[in-house]
*Asks:* 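Below you'll find the structure I mean.
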Protein chains: 2
Amino acid sequence: MRLFAMRGFHETSMSEVARAASVSKALIFWHFKTKEELFMAVLNRLLEPYFIDFAEEAGALDEKSQLLRLIELYLVFVRDNASSIRFFVAQLLHDEKPSDGLTNQVLQLYDGYRTLLVDLIGRAQEKQLCKCDFPPQAAASFLLAMLNGLLMGFLFTGDKGVDLKGAIAMLRNWLFGDAPQRESDDIPPSL
Amino acid sequence: MRLFAMRGFHETSMSEVARAASVSKALIFWHFKTKEELFMAVLNRLLEPYFIDFAEEAGALDEKSQLLRLIELYLVFVRDNASSIRFFVAQLLHDEKPSDGLTNQVLQLYDGYRTLLVDLIGRAQEKQLCKCDFPPQAAASFLLAMLNGLLMGFLFTGDKGVDLKGAIAMLRNWLFGDAPQRESDDIPPSL
DNA sequence: CGAGTCCCTAACCAAGCGGTCAACAGGCAT
DNA sequence: ATGCCTGTTGACCGCTTGGTTAGGGACTCG
């Protein structure tokens, strides 16, 4: 996992893997038929932490709090898993064919998040909680693009290049019309 | 250029390059000392179209129009150069060390665009053109993150996965308080 | 004509690649 | 003890890799 994630598929040789694992190369080929098979196993292991349960988070919160919680979950996850995300993004960029399996899994994850957002924004608009009066799909796409942009910030400039609190304040302003952030204690300490 | 950009450095062999160029491998090594040297030359050639002249675009437009024009330039460029951008992003993701030369060039390009945005937003705020009252740096970062998010949309879902007009409408709304877009003719035909 | 320089090639090289194979050690049921 | 299945190994294989080398046309200059 470490080698493949750090250096990618083609840049990692089976001899290196064997050496790093203090094992003979032949043993790896006994457990995994080919290099590709090992790589796929690694991909799946690395992907596991991405499947988290949003449902348990929903609780008794109103739509606004749920939305903010969802945004926070996304950003904190991105911040804490930057290196693995970096690897997956590179991987996705590399193989363009949509029948890849990995691509499908990631897209499915992504669509789940998006529909959650669309749903929450729609309900928040109905309850007049949401100042943003664009169609929920459009607003969700916009929000998601924004989050992905922050993700790129994390990937390229690292933790310190991104002003998380500022970004969240601006998102609150855009979504709910909340005033630009003075220091307040309703930003969770996880940020 | 085609091979390196399509398949990356390690996945492209000099024999392939020679075959694709209908030339002997030794000839390539006569012109370029190593594979890396050829690759760097390719990088520089691919990077050329990224250096465009914003100054000539400024003209006699007011700050609002300049901002919108800058945003449009960014998005149209991204849409039209998606494949080369995909390659560069993958490249940047891959080599993490900031002393890379390529990384520096791209960051410099990026910072140029950012300062342009900060400047324009600041001036627009002074003239009361801008509804968005966050500090210019914060607003510019937000805007840039948004644009990068749209970029990721182009990279992963292709031209049709991104609603350019909708995104621009929402940016106008956020920056200037423009009403959600009904069909109007002030969106240039290049979108 | 002859020397020199520029391009260019076929053949070659050592090293490393992904992958295979025969052998073998240890546990475990017969 | 015997045979079998699961792991594990070092040695090996054919092939490709990035890179080299010796040499040969074509052109220019004196």
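Every chain is numbered from 1, with letters handed out A, B, ... down the list of sequences.
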*Asks:* Rounded off to whole Å, could you give me the NZ-to-C1' distance for the K35(B) and dT20(D) pair?
*Replies:*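 Checked: the NZ to C1' distance equals 17 Å.
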
*Asks:* Angle between ring planes, F77(A) versus Y50(A), binned at 30° and 60°: parallel, tilted or perpendicular?
*Replies:*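 Geometry flag for Y50(A) against F77(A): perpendicular rings.
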
*Asks:* Does anyone know the first and last nucleotide of DNA chain C in reach of chain B, 5' to 3', at under 4.0 angstrom to a heavy atom?
*Replies:*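 Contact boundaries, 5' end first: dC7(C) to dA10(C).
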
*Asks:* Assign the ring pair F39(A) / F87(A) to parallel, tilted or perpendicular, where the plane angle (0 to 90°) is split at 30° and 60°.
*Replies:*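 Geometry flag for F87(A) against F39(A): perpendicular rings.
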
*Asks:* Nearest 0.5 Å please: distance from the CG atom of L38(A) over to the CD atom of E36(A).
*Replies:*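 So the gap between those two atoms works out to 10.0 Å.
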
*Asks:* Hey, is R19(A) close enough to E16(A) for a salt bridge, meaning N to O under 4.0 Å?
*Replies:*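 Result for this pair is no, no salt bridge flagged.
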
*Asks:* Rounding to an integer number of Å, can you tell me how far F29(B) CZ sits from dG19(D) P?
*Replies:*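 Nearest whole value for this atom pair: 5 Å.
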
*Asks:* Test of understanding: with ring-ring contact (aromatic ring centres under 6.0 Å, His included), list the residues that count as partners of F32(A), not counting sequence neighbours.
*Replies:*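 Applying ring-ring contact (aromatic ring centres under 6.0 Å, His included) to F32(A) gives none.
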
*Asks:* Check this for me, if you would: do R123(A) and E126(A) make a salt bridge, where the nitrogen-to-carboxylate-oxygen distance has to be below 4.0 angstrom?
*Replies:*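 E126(A) and R123(A): not salt-bridged.
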
*Asks:* Among residues 10-23 of chain B, which ones have heavy-atom contacts with DNA chain D below 4.0 Å?
*Replies:*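 Under 4.0 Å from DNA chain D: T12(B), S13(B), M14(B), S15(B).
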
*Asks:* Measure from CH2 on W30(A) to P on dA11(D) and round the result to the nearest Å.
*Replies:*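 The answer, rounded to whole Å, is 22 Å.
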
*Asks:* Within this structure, what is the CZ-to-P distance between F32(B) and dG18(D), rounded to whole angstrom?
*Replies:*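 Atom-to-atom, F32(B) to dG18(D), this comes out as 15 Å.
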
*Asks:* What pair of heavy atoms forms the shortest contact from L117(A) to A140(A), and how long is it?
*Replies:*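 Taking every non-hydrogen atom into account, CB-CB, 4.1 Å.
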
*Asks:* Hey, does the side chain of Q125(A) reach the backbone of F134(A) with a donor-acceptor pair shorter than 3.5 angstrom?
*Replies:*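 Side chain of Q125(A) to backbone of F134(A): a pair is present.
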
*Asks:* Nearest whole angstrom, please: distance from the P of dC13(D) to the NZ of K25(A).
*Replies:*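 After rounding, the gap between these two atoms is 13 Å.
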
